[in-house]
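The chains referred to below are lettered A, B, ... by the order of the sequence lines, with proteins before strands, and numbering in each begins at 1. From a predicted model like this one, the values you see are computed outputs, not experimental measurements.
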There are 2 protein chains.
Amino acid sequence: MKKVSISDIARKAGVSVSTVSFVMNDKAVKMRISQEVIQRVERIAREMGYHPNQLARGLRTGKTKTIGLIVENISNTFFAILAKTIEDEAKKFDYKVVYCSTDNDAVKARELINMLSQRQVDGYIITPTEELLEDIRKLQADNKPVILIDRYFPDHKEIPYVLVDNYAGVTEGMQYLIGKGYRKIALVSIEVDMAHMNDRLRAYYDVLGMHGIGADEITLKLIPYGYDERSALQEIIDLLTERKDKIDAVFFLTNYLGVLGIEAIKRLDIKVPSEMAVLCFDDNDIFRLYTPGISVIRQPVREIGQRAILGLMERLKPANGNGAHEPINIKLPAELVRRESI
Amino acid sequence: MKKVSISDIARKAGVSVSTVSFVMNDKAVKMRISQEVIQRVERIAREMGYHPNQLARGLRTGKTKTIGLIVENISNTFFAILAKTIEDEAKKFDYKVVYCSTDNDAVKARELINMLSQRQVDGYIITPTEELLEDIRKLQADNKPVILIDRYFPDHKEIPYVLVDNYAGVTEGMQYLIGKGYRKIALVSIEVDMAHMNDRLRAYYDVLGMHGIGADEITLKLIPYGYDERSALQEIIDLLTERKDKIDAVFFLTNYLGVLGIEAIKRLDIKVPSEMAVLCFDDNDIFRLYTPGISVIRQPVREIGQRAILGLMERLKPANGNGAHEPINIKLPAELVRRESI
DNA sequence: GATGATAGCTAAAACGATTTAGTTCATTAT
DNA sequence: ATAATGAACTAAATCGTTTTAGCTATCATC
């Protein structure tokens with residue numbers, strides 16, 4: 001059983017390929033094809049099980065109805081939910097999503113962009129890595145719409161982004177901790193020089209400063225990105241052991257770190273919140289189900305996905321001739337979810 | 001900045017497109033293109049930033065170097081990890097993965113297969129739904145390799161599959177429970193008439209039978225598939241409340257149900273394992289971190305992904321002319337991970 | 001009975017590659 | 001001097017669509 005092409009149908013129906021094409025694309029009326037021919041062609045197409053070859057179509061029209069989604073790691077809950085939302089939302093506009101993971105490696109990210117561009121995707125949703133600015137501008141110069149998610153380049157407002165308001169989120173978390181009387185708040189973050197993380201860090205220092213909490217009370221732990229799970233866990237265990245008296249609360253700046261944090265706390269048998277309060281940026285099933293429930297700053301994952309698709313679709317609309325779109329620089333509010341860990 | 005095509009290069013280099021094509025495909029030597037021309041073409045291609053258009057290439061060659069991955073739901077941990085493994089493994093063979101979620105809906109699954117087929121993917125890795133048999137056979141008739149994962153059609157060994165040995169896994173779990181003295185073992189499963197689930201159910205009954213445990217001691221709860229999280233949780237809560245005395249252990253048959261189970265147990269404040277032992281099929285970070293740690297039957301997720309890709313690649317090799325491949329009917333052993341919940 | 005309009009199609013180019021079958025020129029063999 | 005060989009390329013078909021421009025037959029109009 002071989003693939004059926006438009007010309008197979010044409011032959012069988014005794015008409016030209018153009019006619020079949022018009023019928024298949026609902027242009028038959030505009031092209032004044034007779035009702036009789038329309039019916040015949042449609043019937044034969046159905047009988048033969050015709051499905052248009054999207055490669056050929058894409059080659060001819062330059063549109064593939066496909067968008068490329070580049071995340072850090074699809075197996076991470078945050079990105080997995082984001083991907084699912086984006087898949088669902090894109091479907092509403094009859095677009096298909098192709099996703100891939102960078103593992104936060106700029107070289108890999110660059111390769112992925114190339115790969116997607118070779119496959120002629122119509123637009124991109126990207127979780128950028130460091131050093132990816134140039135590649136993204138190339139896409140834009142190429143007239144391909146791009147929306148950044150989760151991370152951004154704050155000095156380049158011409159590159160649209162949709163993400164959580166990291167600064168406000170951490171600020172809220174810190175104020176909550178301080179409001180509850182904690183001062184010796186340790187921060188555990190990942191060592192990556194990107195704006196979204198710097199925003200979180202900045203909020204930490206700003207709030208501490210506002211409350212006159214000095215350097216001697218600060219514990220900051222940055223886990224190098226490349227570390228495997230084992231080493232990262234060890235780092236956290238060491239931190240919580242060595243500085244136990246100098247810490248009365250820990251704030252984990254990512255989902256992944258929070259999970260490791262829980263593991264460390266479990267191993268060290270630290271009582272939460274009596275011995276140490278815990279707060280995490282970004283939610284996860286575990287935090288809800290753990291005992292005690294871990295309070296978190298929740299990101300609006302689904303809304304990020306929805307807004308990203310909406311923005312992309314607007315830029316993909318045929319009327320993009322003018323080229324002037326309103327800029328997309330969206331920071332969505334985070335939500336403090338109070339559980340039992342603080 | 002417009003896309004650079006092979007003919008742009010040809011023009012600039014003063015040669016024909018054929019020559020450029022040969023150079024770009026490392027066929028230059030075979031086609032006796034002179035070193036001088038090779039160098040020149042390569043230089044110009046590099047300078048102009050040439051990247052081959054994969055649509056055109058795919059249209060001509062019939063190969064897209066892309067495989068389609070259909071899972072139930074990419075936001076579920078199990079499938080997310082599977083997807084990531086498959087992405088990584090495929091990359092080793094220079095293949096790209098396009099994934100999509102069926103939400104366990106046969107209609108959607110069918111649409112996805114069509115969509116992938118229209119995009120001319122070279123092969124498929126599919127988590128089938130019920131009623132998908134015919135569509136899969138069509139792919140095979142079309143000479144497109146398919147490997148099923150996680151689920152299968154046991155009566156159709158000609159459709160290759162890679163999955164965990166569900167029967168053996170549940171058997172091991174049940175025997176462990178019984179070995180520990182539990183007899184009133186409740187089973188919580190999902191209501192779906194597919195072989196992998198029936199295998200799990202069968203193992204449950206077989207082991208009970210072997211130990212002479214009768215109907216009066218059995219509690220079986222099937223959650224209808226379409227239920228949302230809220231309703232499913234309520235069902236489990238009701239079960240654990242109403243039949244509390246008739247249950248001394250619960251065995252959750254999926255990851256997702258186990259998570260809901262924990263939530264129910266937490267809400268009802270049931271002491272594990274003293275009041276009730278807990279076991280779950282398929283692991284999850286939560287089970288490891290929850291207190292008490294939940295024992296599980298762990299699936300070899302990564303190995304499933306690896307074997308699936310390996311099998312697919314073998315069927316994708318150019319030497320598939322003979323058509324005779326050794327059948328792939330793989331059931332990988334599950335592993336009992338003992339924690340504190342039993 | 002020439003002119004124009006309209007209905008109902010079709011021919012052919014184009015998209016960007018790959019690939020088969022030549023072509024051209026220089027060199028060697030007979 | 002002619003044929004054969006080989007080196008170094010090129011022309012053109014092809015994949016399956018879309019789309020523009022044009023063709024033919026019929027009918028109305030003056």
Rounded to whole Å, NZ of B/Lys63 lies from P of D/dT14 at a distance of 20 Å
Here the residues of residues 25-43 of chain B within 4.0 Å heavy-atom distance, strictly under, of DNA chain C are B/Asn25, B/Lys27
For this session: Answer yes or no: is there a donor N or O on one side and an acceptor on the other, between the side chain of A/Asn73 and the main chain of A/Ser75, under 3.5 Å?
Result: yes
Does A/Lys138 pair with A/Glu134 as a salt bridge, N-O distance under 4.0 Å? no
To the nearest angstrom, the CE-P distance between B/Met24 and C/dT19 comes to 15 Å
Are any side-chain N or O atoms of A/Asp142 and backbone N or O atoms of A/Lys144, one a donor and one an acceptor, separated by less than 3.5 Å? no
- Query: Any salt bridge between B/Arg137 and B/Glu158, counting N to O under 4.0 Å?
  - Reply: yes
Note to self: Side chains of A/Glu87 and B/Tyr99 only: does a donor on one sit below 3.5 Å from an acceptor on the other?
What the structure shows: no
Next on the checklist: Any salt bridge linking B/Glu72 with B/Arg151? Criterion: basic side-chain nitrogen under 4.0 Å from a carboxylate oxygen.
Outcome noted: yes
Tabulate atom names and distances for all N/O pairs under 3.5 angstrom spanning the protein and nucleotides 13-16 of chain C.
residue : atom : partner : partner atom : Å
C/dA14  : N3   : A/Arg60 : NH1          : 3.2
C/dC15  : O2   : A/Arg60 : N            : 3.4
C/dG16  : N2   : B/Ala56 : O            : 3.2

Tell me whether the side-chain N/O atoms of A/Ser21 come closer than 4.0 Å to OP1 or OP2 in D/dT18.
yes
Here the distance between atom C1' of C/dA21 and atom CZ of B/Phe22, to the nearest Å, is 10 Å
Open item on the list: Does a side-chain N or O of A/Ser16 approach OP1 or OP2 of C/dC9 to a distance below 4.0 Å, or not?
Closed with: no
Tested for side chain to side chain contact (heavy atoms under 4.5 Å, CB included) against B/Met115, the lone hit among A/Lys91, A/His51, A/Lys96 is A/Lys96
Check B/Arg11 with B/Asp8, please: is the shortest side-chain N to carboxylate O separation under 4.0 Å? yes
